[in-house]
Structures are given as C-alpha cells and as structure tokens.
Amino acid sequence: MNKYLIHGKGYWNVQLNDPFISGVETTDIESSYNHIKFKGTEKQLDSFVNQLIEQGEAQFKVIGVIEDNPEQEEYFKNLLTT
C-alpha cells in the first residue's frame, strides 16, 4: 500500500459508505479543499483517478498525482527556504 496526494481544483465531497467504489476496494481516502489523500495500490489509484475524471470537472478537477512522502516533502521545503 502506498500513500498518494491527488492535487486538483475544487472540493471532492462524497460520503463513502461502502469500502468498494465502482468495484475498487480502497483502504483510506481523506478529502479536503484542492487535494485528496489516497492510500492503496497503484491499480486502485488509477481506477479512482479515472472515476474522478469521468465525473467531470464541475466539482473536482484533477491536476496531478504525487506519492505522499513526508521526507521528500521536507527536503524540497528546505531547498526553497535556503
């Protein structure tokens, strides 16, 4: 299982009552304004992002996906501040 950040524009506001979204099992999804934290396999991520794209850009427009790595994030923050 990997952690990913899906960056976008808007707010993905969906209530998840079922651990299966369109036949894709997910373990952890947290949404907030302009990003969604997703925990799962690469295949699950692809299915989830495709579902977001199919829903259209009216609510949440996908801009990019990166692996959520706090150590790498801290490294780049330090580069920008020094």
Side-chain angles (χ1 to χ4, degrees):
M1 293 286 187
N2 295 325
K3 294 181 182 178
Y4 300 95
L5 286 175
I6 303 169
H7 290 279
K9 289 186 178 180
Y11 188 75
W12 184 70
N13 188 15
V14 175
Q15 180 82 20
L16 298 176
N17 295 326
D18 191 351
F20 293 92
I21 300 174
S22 297
V24 178
E25 185 179 354
T26 58
T27 58
D28 196 11
I29 297 175
E30 295 176 30
S31 65
S32 68
Y33 191 72
N34 288 340
H35 75 274
I36 300 170
K37 291 182 179 182
F38 182 89
K39 183 178 177 184
T41 65
E42 203 168 317
K43 185 177 178 181
Q44 292 169 331
L45 174 70
D46 290 341
S47 294
F48 182 69
V49 170
N50 286 337
Q51 180 186 6
L52 287 175
I53 293 170
E54 288 174 9
Q55 289 176 354
E57 299 177 351
Q59 292 181 350
F60 189 84
K61 178 181 179 180
V62 177
I63 294 174
V65 178
I66 61 169
E67 240 182 282
D68 186 16
N69 186 340
E71 295 161 357
Q72 187 178 14
E73 183 179 340
E74 189 65 32
Y75 171 77
F76 285 112
K77 281 183 184 177
N78 288 334
L79 282 178
L80 293 174
T81 58
T82 57

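Because the structure is a prediction, the values reported are computed rather than measured.
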Out of the candidates I29, I53, V65, only one should pair with F48 under the side chain to side chain contact (heavy atoms under 4.5 Å, CB included) rule; please name it.
I29
Reported CG-to-CG distance for the pair D68 and L5, which is rounded to 0.5 angstrom
4.0 Å
Check side-chain hydrogen bond (donor to acceptor under 3.5 Å, both in side chains) between N2 and all other residues, then give those that pass, not counting sequence neighbours.
Y4
Could you tell me which non-hydrogen atom of I6 sits nearest to which non-hydrogen atom of F60, and how far apart they are?
O-CZ, 3.9 Å
Taken in chain and number order and not counting sequence neighbours, the residues that satisfy side chain to side chain contact (heavy atoms under 4.5 Å, CB included) with E30 are D28, K37
Over 60° means perpendicular and under 30° means parallel, so tell me whether Y33 and Y11 are parallel, tilted or perpendicular.
parallel
What pair of heavy atoms forms the shortest contact from I63 to K9, and how long is it?
CD1-CG, 3.6 Å
